[in-house]
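So the structure is just underneath, and the comments pick up after that.
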Number of protein chains: 2
Amino acid sequence: MNEKARERACTERDSWVWRALGDPSRRRMLDLLRRRSRTTGSLAAEFDFTRFAVMKHLKILERAGLVVVERRGRERVNHLNPVPIQEIYRRWIRPFEALPADRLLRIRAAVEKSRERQESER
Amino acid sequence: MNEKARERACTERDSWVWRALGDPSRRRMLDLLRRRSRTTGSLAAEFDFTRFAVMKHLKILERAGLVVVERRGRERVNHLNPVPIQEIYRRWIRPFEALPADRLLRIRAAVEKSRERQESER
DNA sequence: GTTATATGTGACGATTAGGTCACATATGAA
DNA sequence: TTCATATGTGACCTAATCGTCACATATAAC
């Protein structure tokens, strides 16, 4: 029961992060911000769609805590914050790596079979 | 330029996985499947919405490679496949952990400031 | 002050996604 | 064969999401 409660809490807390990471444009933004921090305008120049759309994406990333804003005069510098991604890893990715070996074998067999099935369908 | 091409390819290939992970119901499904493999019906019993909705979710998870299906007579056993999640980690999570120390300090300062700002707004 | 630049807001439209429904198919057991 | 059970398909509705537009605000430089 404790585990269930923990799961549920994590799901809700991480929800904004997952939503933010779900969009390819936003992932590309994070990739750009990973190299160096940028102002909103500088970031918008990298995308085909309008600056307003970029701002919306940044707002979503900020809400998720993935982007932190530093005001510098009339500019707005967007920094990438890696912490939420690390938390996602600890709560979601790592547990999925720790499956028992017998299950992994069985899953691998199922993957093989489904691959064969897909190929025979062609 | 090589790096850019690699990024782009990764983004597109992982796109289905991200989409699949974006929904909280699907994440809960993966959590259930992590404990043990289940038939579609058994899985559907855990959710408030209909079995058909569960099937749609399973289809999306399957398209992303996160769920592998094993036919067993008239039953359909859904296995969790951890491989795509591991790939997500390698291509997306780990690079974000490797930021240089000076940038991390600066980002941390920005996080602090934005937190102060948020608190003063209350 | 005036003006140019950088960022923010509100309303709107098109597309997609999550969900339900009624109905169809396939397998195991009697 | 007959019937119950497990899974699959097509059309539909609703709500959220991504993008645009016109307009508003704030700061730096002159």
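The chains referred to below are lettered A, B, ... by the order of the sequence lines, with proteins before strands, and numbering in each begins at 1. When reading the values below, keep in mind they use all heavy atoms of this one structure, side chains included, and skip hydrogens, waters and symmetry mates.
Between Thr50(A) and dT20(D) there is a side-chain polar atom (N or O) within less than 4.0 angstrom of OP1 or OP2. The phosphate of dG8(C) has neither OP1 nor OP2 within less than 4.0 Å of any side-chain N or O from Lys59(A).
When the C1' atom of dC18(D) is taken as reference, atom CZ of Arg51(A) falls 17 Å away, rounded to whole Å. Here dC18(D) presents its P atom at 12 Å from CZ of Arg27(A), a figure rounded to the nearest Å. Rounded to whole Å, atom C1' of dC18(D) lies 17 Å from atom CG of Leu21(A). The CG-P distance, from Asp48(B) to dG18(C), rounds to 17 Å in whole Å. Spacing between atom CD of Glu75(B) and atom C1' of dG8(D) amounts to 15 Å, rounded to whole angstrom units. The distance from atom CG of Leu58(A) to atom C1' of dC18(D) is 14 Å, rounded to the nearest whole Å. Following rounding to the nearest Å, Leu61(A) (CG) and dC18(D) (C1') show an atom-to-atom distance of 14 Å. In this structure, CD of Glu70(B) is placed 15 Å from P of dT27(C), rounded to the nearest angstrom.
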For Asp31(A) and Arg28(A), what are the C-alpha separation, side-chain angles and deciding distance, and is it a salt bridge (charged side-chain N to carboxylate O under 4.0 Å, His left out)? CA-CA 5 Å; Asp31(A) 242 344; Arg28(A) 191 155 154 259; over 6 Å; no

Derivation of the side-chain contact (heavy atoms from CB on, under 4.5 Å) call for His79(A) and Arg103(B): CA-CA 9 Å; His79(A) 299 282; Arg103(B) 283 197 62 197; 5.7 Å; no

List the steps, then state whether side-chain contact (heavy atoms from CB on, under 4.5 Å) holds for Ile60(B) with Leu66(B). CA-CA 9 Å; Ile60(B) 292 173; Leu66(B) 288 162; over 6 Å; no

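Nearest to the side chain of Met55(A), among dT7(C), dA11(C), dG18(C), sits dT7(C). Side chain of Phe52(A), nearest nucleotide from dG19(C), dG8(D), dC21(D): dC21(D). Comparing dG8(D), dT7(C), dG19(C) against the side chain of Lys56(B) picks out dG19(C) as the nearest. The side chain of Arg71(A) sits closest to dT7(C) out of dG18(C), dC21(D), dT7(C). For Arg26(A), whose side chain is taken as the heavy atoms from C-beta onward, the closest listed nucleotide among dG8(C), dT7(D), dC18(D) is dC18(D).
Classified by interplanar angle (parallel below 30°, tilted 30° to 60°, perpendicular above 60°), the ring pair Trp18(B)/Trp92(B) is perpendicular.
For Arg74(B) against dT7(D), no side-chain N or O and base N or O form a donor-acceptor pair under 3.5 Å. No hydrogens or angles were tested; on distance alone, nothing pairs the side chain of Arg76(A) with the base of dT7(C) as donor and acceptor under 3.5 Å.
With hydrogens and angles left out, the side-chain atoms of Ser25(B) and His57(B) include no donor and acceptor closer than 3.5 Å.
Nucleic acid contact class of Leu43(A) (heavy atoms, under 4.0 Å, all strands): none.
In terms of position on DNA chain D, the residue among Ala53(A) and Ser42(B) whose nearest nucleotide sits closer to the 5' end is Ser42(B).
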